[in-house]
Protein chains: 2
Amino acid sequence: MLPTPPVTIRDVAQAAGVHVSTVSRALDPRRRAGVSAEMVELVERTARRLGYRPNRAASALRTGRTHTIGVLVPDMTNPVFPPILQGVEGCAAARGCFVLVANASDPAMAMGVVERMLAQQVDGIVLATAAREDPLVDFITASGLHAVMVNRADESGRLPSVVSDDRLAMKLAVEHVLRTGCRRIAHLAGPQHLPTGAGRLHGFEQALREAGQSAAGVETCESYSREAGRSAMAQLLARVGKRLDAVVCCNDLVALGAYDALRAAGLRIPEDVSVTGHNDMPLVDMVNPPLTTIGLPHRELGWRAAQLLFERLDGTSLSPATVVLRPELVVRASTLALRDAAAMAAPRA
Amino acid sequence: MLPTPPVTIRDVAQAAGVHVSTVSRALDPRRRAGVSAEMVELVERTARRLGYRPNRAASALRTGRTHTIGVLVPDMTNPVFPPILQGVEGCAAARGCFVLVANASDPAMAMGVVERMLAQQVDGIVLATAAREDPLVDFITASGLHAVMVNRADESGRLPSVVSDDRLAMKLAVEHVLRTGCRRIAHLAGPQHLPTGAGRLHGFEQALREAGQSAAGVETCESYSREAGRSAMAQLLARVGKRLDAVVCCNDLVALGAYDALRAAGLRIPEDVSVTGHNDMPLVDMVNPPLTTIGLPHRELGWRAAQLLFERLDGTSLSPATVVLRPELVVRASTLALRDAAAMAAPRA
DNA sequence: TTGAAAGCGCTAACAT
DNA sequence: ATGTTAGCGCTTTCAA
C-alpha cells in the first residue's frame with residue numbers, strides 16, 4: 001500500500017480544465033447557484049473520477065468552522081448518557097458534522113477539556129456534565145464558545161439548555177403512589193449540589209403539598225448509587241421505623257439500593273412498601289420486582305440540545321433558551337396495584 | 001460578549017519581540033531543544049499573558065495530523081460499548097488527542113462515516129462495529145487510513161485487533177456448570193454472521209469436547225436481544241424437552257430471555273436449569289436470580305485498541321497485531337452451587 | 001540559536 | 001459565470 005498523495009482541489013481543477021475557485025464553488029451546495037449546470041456536472045464527475053475528498057482541515061483554517069462539536073459527559077458508563085450522546089450524534093450526523101466526545105468527571109478536568117476543545121476549534125459544545133459548575137460556565141461564556149446544556153438547566157441563565165421536567169416527574173410518581181392508596185410517602189433525594197437532586201426534591205415536596213399531604217420523611221443520598229440508596233434507606237427506616245407506605249427515589253440505582261435495605265429490614269416490595277425510581281435504565285424491568293420508574297426522553301434530550309446549538313451557530317436561533325421535555329410514568333410491579341379497600345376508604349394520614 | 005479576535009502565534013511573536021518560528025519552536029516540546037532556556041521562558045510567559053491558544057486546524061493543515069481519532073460503534077446504547085469508548089477516550093486524552101464518535105448501525109452507513117472521517121482528516125480509526133464487513137476493511141486498507149479493530153478480530157488479518165478470548169470464556173462457563181454437576185448442557189448461540197456469535201459457539205463445543213461431553217442442544221438466536229433469547233430458548237425446549245441441566249448463553253440479554261422462556265415452561269433457575277450469560281452488563285447482578293456470567297475487560301479493550309493505533313501512528317508498532325485479553329467467570333445465583341451428590345457420583349451423561 | 005520565506009488546501013473578495 | 005489573488009495560522013526547510 002504505497003501512500004498515494006491525496007487528491008486536492010487543484011488536481012480536480014487541472015483535470016477538468018477549470019480554475020480551482022470554480023471547483024470550490026461547484027462542490028459547495030450553498031454556492032453552486034452561481035455556477036452553470038454543465039460546469040457543476042463536469043466538476044462533480046471529475047472529482048468523483050479522481051477520488052477527490054475535500055480537506056476539512058484546510059477549509060476549517062480558512063472559514064473558521066470545523067463542522068465539529070464537542071460533548072462533555074461526566075461518565076459514559078452511566079446509562080443515561082449513551083442515549084443523550086446518540087441523540088447529539090444523530091443530529092450532528094444529519095448535518096454532516098462530527099461529535100468530539102470527552103469524559104470529564106470533575107469540574108477542574110472539564111475546564112481543561114474545554115480548553116483543548118477550544119484549541120481544536122470546535123464550532124460549539126454540548127455540556128452534559130452534572131455538577132453546577134459556575135466557573136466552567138463563566139469560562140465558556142468568556143471564551144465566546146457557543147454552548148448548550150443538556151440534562152440540567154443553567155441556573156445563571158446564560159446558556160440555553162434542554163432538560164426533563166423534574167417537577168412533573170415527581171408529581172407523576174407521587175400521584176401514582178397516592179392513587180394506589182399509599183399515604184405515608186418518603187423521598188430518597190439525590191445530592192443537593194446537583195440540579196436534578198435539588199429539583200426532584202422540590203418537585204416531590206410540591207406534589208405532596210398539592211395533594212394536601214406531607215412527607216413521611218426525606219433522606220439525602222451522597223451519590224446516585226446503589227450503595228448510597230441502601231444506606232439512605234437504612235437511615236430513613238431507623239428514623240421513621242416501618243411506618244412507611246411508599247418511597248419515591250431520585251434515581252433507579254438509589255431505588256435498587258432501597259430494595260436492599262427494605263429487604264434487610266424484612267419488608268416486602270410492594271406489599272409493605274412501594275418503591276419508584278427515575279430514569280428507566282435498561283434492565284430495571286428485569287429486577288425483582290420490576291421497578292416502577294420515570295422514563296426520560298434521553299435521546300430526544302440530546303437531539304434537541306444539538307439542534308439548539310446548531311441554530312445558534314447558524315444564527316437562526318428561533319427556539320426558546322430552555323427546552324423542557326416531558327417525562328413519563330412507567331408503571332411496573334414495585335408499586336402496589338391498590339393498597340387495600342380500607343386504606344382507600346380511610347386513608348392513613 | 002464582543003468577539004475578541006483570537007490570539008495567534010504572530011501576536012505572541014510580536015509581543016515577545018521575536019520571530020514566529022521561534023515561538024513555534026519554543027512552544028513545541030519536541031523541538032524546544034534547539035531553543036535557549038530564556039527564550040522558552042519568555043515565549044511561554046508571553047503566550048500565557050496574551051491567552052494564546054494554538055490553532056489545531058492550522059497545524060493540522062500544515063502537518064497533516066489532527067490529533068483526532070475516529071471511533072465507529074454500531075449502537076452506543078448497547079452497554080458493552082460505553083466502557084470501550086471510555087477506554088479509547090482515556091488513552092487518547094492522555095496523549096492530548098480527541099475522539100470523534102459515530103454511530104454506524106449497518107455496513108453501508110459505516111462506509112459513509114469512514115468517508116466523512118477521512119475528509120475530516122482523522123489520524124486513525126477504531127472500529128468497534130460488530131458485523132464482518134469485508135468491504136469496509138477493503139475500503140479502509142485501500143484508503144491507507146490507520147485502523148484497529150476492537151471486540152472482534154479481522155478475519156482477513158489485515159487490521160490489528162483487540163479482542164476478548166471467546167474460547168476461554170466458553171471454557172470457563174462450561175467447566176463451571178460441569179463442576180456444579182450439570183451434564184446436559186445446551187448453548188444459545190449468537191448470530192453466526194457475527195464473529196462473537198461464531199467464536200463463542202465454537203468455544204462452547206470445544207470446551208464440551210475437551211470434557212468428554214457433547215452438547216444437549218444448540219439453538220441460534222437471531223440477534224443479541226432478550227426477545228431472541230426467549231424464542232430460541234422456547235425452541236430449544238420444544239426440541240429437547242425439559243431434559244436440560246444448564247444453558248450457556250452467548251450474551252446476557254439472551255440469558256435473560258432464556259429466563260423468560262424457562263419460567264414460562266415452569267422450570268426453576270437454577271434448581272431445574274442453570275443459566276449463564278456473557279458480558280456482565282450492569283444490573284445483571286440485580287435480576288432474579290442474579291446472573292452468572294462472563295466479565296469482559298471492556299475498558300481495557302478500548303484502551304489497548306487506542307494504544308495499538310497510536311503505536312502505528314508513531315511508527316513504533318511493537319505490539320503484536322492481535323491482542324487477546326482474558327475474560328473472567330463471575331459466579332452468581334443463576335447457576336447451581338452443586339446439583340446433587342448423586343449426580344456427582346453418577347453423572348447423567 | 002534565531003530569522004526569513006514558502007506553502008499546506010481551501011475560500012472569498014474582487015476583477016473580468 | 002468564471003478567473004485572479006490573497007491569505008487563514010501554523011510548521012519547516014534553509015540561511016544567517
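Quick caveat, the model's predicted, so the values are computed rather than measured. Letters go in sequence order (proteins before strands), and every chain restarts at 1.
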Ion pair A/Asp314/A/Arg95, N-O distance below 4.0 Å: yes

Separation of atom NE2 in A/His67 from atom C1' in C/dC10, rounded to whole Å: 12 Å

Sequence-aligned protein contact record of nucleotides 5-12 of chain D, with B where the base is within under 4.0 Å of a protein heavy atom and S where only the sugar-phosphate is: BBBBBBBB

Test item: A/Phe81 and B/Pro82 side chains (from C-beta on) under 4.5 Å apart, heavy atoms: no

Distance-only polar pair, side chains of A/Gln120 and B/Thr68, donor-acceptor under 3.5 Å: yes

Partner of B/Ser24 by side chain to side chain donor-acceptor pair (under 3.5 Å), out of B/Arg31, B/His19, B/Arg62: B/Arg31

DNA chain C-proximal residues of residues 32-42 of chain A, any heavy atom under 4.0 Å: none

Donor-acceptor pair between A/Thr196 and A/Tyr224 side chains, under 3.5 angstrom: yes

Side chain to side chain donor-acceptor pair (under 3.5 Å) between B/Arg158 and B/Ser156, worked out: CA-CA 5 Å; B/Arg158 285 170 296 178; B/Ser156 68; 2.9 Å; yes

Distance in angstrom units between A/Arg65 CZ and C/dG9 P, rounded: 23 Å

Smallest separation among heavy atoms of A/Gly96 and A/His67, with atom names: O-CB, 4.3 Å

Basic-acidic side-chain contact under 4.0 Å: A/Glu311, A/Arg304: no

